[in-house]
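The structure appears below as structure tokens.
Residue numbering restarts at 1 for every chain, and letters A, B, ... go by the order of the sequence lines.
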Number of protein chains: 2
Amino acid sequence: MNDDTSHASLTLETLLPTDAPDGPRKPGRPKGNQSAQTRERILNAAEQLFADRGYDGASIRDVAAEAGLQVHSIGYHFGPKESLFDAVVARRAEIMTRLRRDALEDARAKAGAQAIAVEVLVHAYVEPFIKSASHGDPGWRNYAALMGRLANSPLGTEIIARHYDVTARDYIAELNRSLPGADALDVVEGFSAMVAAMLGICSATGRPERLSGRATPRDPERSFETLVRFHTAGFLALATTQ
Amino acid sequence: MNDDTSHASLTLETLLPTDAPDGPRKPGRPKGNQSAQTRERILNAAEQLFADRGYDGASIRDVAAEAGLQVHSIGYHFGPKESLFDAVVARRAEIMTRLRRDALEDARAKAGAQAIAVEVLVHAYVEPFIKSASHGDPGWRNYAALMGRLANSPLGTEIIARHYDVTARDYIAELNRSLPGADALDVVEGFSAMVAAMLGICSATGRPERLSGRATPRDPERSFETLVRFHTAGFLALATTQ
DNA sequence: TTATTATTTGTACGTTTGTATAAATAATGT
DNA sequence: ACATTATTTATACAAACGTACAAATAATAA
């Protein structure tokens with residue numbers, strides 16, 4: 001599809017910043033360090049296809065076609081399929097983790113010697129993800145959908161653990177400090193519920209719209225605020241009751 | 001792998017009740033209505049493999065081997081792959097839906113003219129699923145894991161909608177009655193969060209154990225109680241705050 | 001200039017995929 | 001007894017899969 005690259009007419013391709021601004025690739029060693037750019041293009045294509053069709057549903061050939069490259073270029077840059085998959089997850093995981101760590105340090109600095117408010121912790125963990133997923137960038141939107149798909153699958157949990165568990169434990173420890181009356185096991189349970197809800201919101205399955213009967217997609221900003229309110233109350237209930 | 005079927009030694013196969021107690025099938029028309037039994041066996045095998053490897057990760061050949069049948073027998077009984085998948089989901093969806101409807105009617109009868117307590121509604125919706133998934137039956141355990149995998153995927157949401165949305169709407173309507181101060185959109189959001197948490201608990205990914213540092217798997221009964229407490233408080237916060 | 005290195009292309013291999021066809025077999029209906 | 005029906009086996013097929021090899025090409029290094 002879309003093989004009319006011969007005439008440079010005013011198509012979407014020329015108006016929007018695409019992932020392949022250079023046109024069809026020519027063989028030969030590229031100038032300077034163009035490899036990084038090609039890798040990004042492959043990662044973007046893979047990200048979208050893995051999000052749409054899942055790990056097994058998206059083939060290396062699909063990725064190559066979407067990136068405008070030959071099949072072998074994928075393997076050349078990323079090795080076997082599973083390595084490509086891990087690279088897709090890893091790329092934005094690093095960014096997301098940094099945002100969350102910064103938000104946590106910020107909250108710690110503001111709280112001083114006192115415990116951080118639960119609402120602040122929930123906000124700090126969830127906000128970077130939901131904001132990234134709903135701020136227009138299709139890359140982040142695809143990534144969020146992919147994370148949702150991964151959440152309850154064996155391969156997915158293994159990769160998520162590798163990239164996200166350290167920071168998750170930091171937040172859980174801080175939640176325990178803020179909820180001295182709550183059992184630690186229950187706090188982990190609440191944290192898991194929070195993550196599940198966050199991923200559900202960003203997966204854009206259309207189910208909430210269907211269940212509420214509205215045709216228009218819901219406002220992610222509003223979903224975010226509701227999530228914070230809802231889960232903050234949930235956490236507090238773990239400390240007070242029982 | 002495991003191709004030493006020549007000698008009938010004391011292996012797990014001979015000790016455990018497998019899905020194929022009748023031994024290898026022989027061609028020819030079976031006595032009476034044995035077809036239903038074969039279909040169940042195929043559904044059990046497909047359920048397990050779809051849960052473990054996902055829709056694209058599990059092949060029809062895998063299912064046939066697991067059920068102890070030839071490849072074509074799967075197509076003979078269920079048609080194309082997607083029909084088999086739908087049949088897997090549908091089988092227990094009917095049971096689950098009945099349990100939930102019964103629980104809802106029960107709660108309505110007990111509440112009389114009053115609104116049903118939010119906690120009762122949360123309990124009624126979640127209990128059949130978590131109890132089925134954790135009551136020892138590997139079929140239900142596989143089914144629950146499969147549902148978790150489906151939750152945030154396009155194919156999955158479509159199938160889930162077809163089988164579960166009607167009852168979900170009933171519960172949401174009742175939740176709105178019990179939360180007169182809450183916005184209907186927020187209630188749907190809370191309901192989605194509740195379902196996501198429920199599926200996460202039953203998917204048995206091992207992440208909560210990893211995050212809490214314990215090696216032993218958590219008690220599902222306890223997770224269930226925590227879920228109800230947590231989400232009931234969340235719903236109530238939607239009505240009181242803002 | 002010449003040799004080397006990085007990257008893309010084109011092609012190929014063996015396996016696995018979903019699905020289909022044809023024959024064989026045994027219970028059932030008449 | 002005989003034709004019919006339901007089901008399993010065996011085999012086949014075209015397509016798609018992940019991966020690999022060899023050649024071509026262009027930038028860089030010597």
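Distances shown here put a side-chain N or O of A/Gln70 below 4.0 Å from the OP1 or OP2 atom of C/dG10. Under 4.0 angstrom from either OP1 or OP2 of D/dT8 there lies at least one side-chain N or O belonging to B/Thr38. At the phosphate of C/dA6, neither OP1 nor OP2 sits under 4.0 Å from any side-chain N or O atom of A/Ser35.
For the segment residues 52-65 of chain B, residues with any heavy atom less than 4.0 angstrom from an atom of DNA chain C are, sorted by number, B/Ala58, B/Ser59, B/Ile60, B/Arg61. Interface residues of residues 75-90 of chain B facing DNA chain D, ordered by number: B/Tyr76, B/His77; criterion, heavy-atom separation under 4.0 Å.
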Before you tell me yes or no, could you show the steps for B/Arg169 and B/Asp165 under side chain to side chain contact (heavy atoms under 4.5 Å, CB included), namely the whole-Å CA-CA distance, both residues' side-chain angles and the distance that decides it to 0.1 Å? CA-CA 6 Å; B/Arg169 258 192 277 259; B/Asp165 271 13; 4.2 Å; yes
Start with the C-alpha gap between B/Leu155 and B/Phe85, add the side-chain angles, then the distance that decides, and say whether side chain to side chain contact (heavy atoms under 4.5 Å, CB included) holds.
-> CA-CA 10 Å; B/Leu155 172 62; B/Phe85 191 65; 4.1 Å; yes
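Nucleotide C/dA6 holds its C1' atom 16 Å from the CD atom of A/Gln37, rounded to whole Å. Counting to the nearest Å, the P atom of D/dA6 and the CG atom of B/Leu69 are 18 Å from each other. Rounded to whole Å, the distance from NE2 on A/His72 to P on C/dT11 is 15 Å.
Between A/Phe50 and A/Tyr55, the ring planes are parallel. Angles under 30° get that label, and only those over 60° would be called perpendicular. Below 30°, between 30° and 60°, or above 60°: for B/Tyr76 and B/His72 the angle between ring planes is between 30° and 60°, a tilted geometry.
Considering every non-hydrogen atom in both B/Lys81 and B/Ser59, the closest pair reads NZ-CA, 4.5 Å.
The ring-ring contact (aromatic ring centres under 6.0 Å, His included) search around B/Phe224 returns B/His123, not counting sequence neighbours.
Salt-bridge annotation for B/Glu105 and B/Arg101: absent, with no side-chain N of the basic residue lying under 4.0 Å from a carboxylate O of the acidic one.
The line from CE of A/Met194 to CG of A/Leu175 is 6.5 Å long, rounded to the nearest 0.5 Å.
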